[in-house]
Number of protein chains: 2
Amino acid sequence: MDEKDAIAMLGALSQEMRLRIIRYLIGRGDDGASAGEIAEAMDAISSKASFHLSALERAGLITSERQSRKIIYRVSFLGLGGLLSFILNDCCSNHPDIREHCGLPNFEC
Amino acid sequence: MDEKDAIAMLGALSQEMRLRIIRYLIGRGDDGASAGEIAEAMDAISSKASFHLSALERAGLITSERQSRKIIYRVSFLGLGGLLSFILNDCCSNHPDIREHCGLPNFEC
DNA sequence: TCAACATTTCAAGAGAGGTTGAAATATGGA
DNA sequence: TCCATATTTCAACCTCTCTTGAAATGTTGA
């Protein structure tokens, strides 16, 4: 996870429908959801949902797996965790007391 | 910190120079840095730096304070912490074991 | 008040990103 | 093979963002 990856992930998350998709997929857990289910849940036409799903996948925030006719999307905990670590470490490595300002519990960075 | 605020912050961070400015200002700590120092550190013309500084300030990620002729910018630990909390809580509230996937130490969400 | 300094604002142009409907691709079952 | 289903790709259009140089604003000291 370098700076370029982080910028791509931040950009992918900074869009209303994409953030809603991430939240929806987190709620679905390991089951994930098909592109059609996601489009319906977002109240969006298929091409719009597909556009945003591919943006999220390109950024490494979700994964896809074909199951017969459907394509199942799942949130990538690895990707999301990597982004959080990037921000936290960029934060904490330079300034040890930032954690406190962040309202986050104490832990080693 | 609602969804709109988070999207604005994520969008503000998802740009190379703005992310570099944040990292630079974190390194400067409470002293902060003037617009001119930041522009020089970023190797950017003043209007370009000013454009990105105002984007970061609008998003709540940095603060500004005039000191005679100069304007001192500082990273907003409150803002940055709020964004982290938003992502973490959105994450953890729905799915308690995501922390583990994130590679983050254990703590209460 | 005037000049130098520090920074922002503005307008214009280039480029990236988002939305839409239609067409294309892929899959499974009759 | 043919049809229905599921999803993506494409092109067109619009909007938003970024960059640049020039002009405007605010501040200090002579």
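Just so it is clear: chains get the letters A, B, ... in the order the sequence lines come, proteins before strands, and each one is counted from 1. No hydrogens, no waters, no symmetry mates; every other heavy atom, side chains included, goes into these values.
When the side-chain nitrogen and oxygen atoms of B/Arg66 are compared with OP1 and OP2 of D/dG26, none of them lie within a distance under 4.0 Å. Within the structure, a side-chain polar atom (N or O) of A/His52 is placed less than 4.0 Å from OP1 or OP2 of C/dT19. Note on A/Ser34: a side-chain N or O is less than 4.0 Å away from OP1 or OP2 of D/dT7. Taking only side-chain nitrogens and oxygens, B/Tyr73 never comes nearer than 4.0 Å to OP1 or OP2 of C/dA6.
Going from atom CD1 of B/Ile71 over to atom P of C/dA6 covers 12 Å, rounded to whole Å. Nucleotide D/dC18 holds its C1' atom 14 Å from the CD1 atom of A/Ile7, rounded to whole Å. Here C/dT7 presents its P atom at 14 Å from CE of B/Met42, a figure rounded to the nearest Å. Distance CZ (B/Phe51) to P (D/dA23): 21 Å, rounded to an integer number of Å. Protein atom CD of B/Glu65 is 15 Å distant from nucleotide atom C1' of C/dA6, rounded to whole Å. B/Leu53 has its CG atom 10 Å from the C1' atom of C/dT7, to the nearest Å. The nearest whole Å value for the distance from the CE atom in B/Met17 to the C1' atom in D/dT17 is 14 Å. For the pair B/Ile72 CD1 and D/dT27 C1', the computed distance is 14 Å after rounding to whole Å.
When the nucleotides D/dG21, C/dG21, D/dT8 are ranked by their closest atom to the side chain of A/Ile45, C/dG21 comes out on top. Distances were taken from every side-chain heavy atom of B/Arg69 (C-beta onward) to each of D/dT28, D/dT20, C/dT8; the shortest belongs to D/dT28. Listed nucleotides C/dT9, D/dA6, C/dG18 differ in distance to A/Lys70; the shortest reach to its side chain belongs to D/dA6.
With hydrogens and angles ignored, the 3.5 Å screen pairs a side-chain donor or acceptor of A/Gln15 with a backbone N or O of A/Arg18.
Within 3.5 Å, no donor on the side chain of A/Ser68 pairs with an acceptor on the base of C/dG28, nor the reverse.
Nearest-nucleotide positions on DNA chain D place B/Ala55 closer to the 5' end than the other of B/Ala55 and B/Ser47.
Within the nucleic acid shown, B/Lys48 comes within 4.0 Å of at least one base atom, counting heavy atoms only.
Taking 4.0 Å as the cut-off between side-chain N and carboxylate O, B/Arg23 and A/Glu3 count as a salt-bridged pair. For the pair B/Glu65 and B/Arg74, the salt-bridge criterion is met [side-chain N within less than 4.0 Å of a carboxylate O].
Between the side chains of A/Arg28 and A/Tyr24, at least one donor N or O lies within less than 3.5 Å of an accepting N or O.
In this structure, A/Ile72 and A/Thr63 have side chains that are not in contact, with every pair of non-hydrogen atoms separated by 4.5 Å or more.
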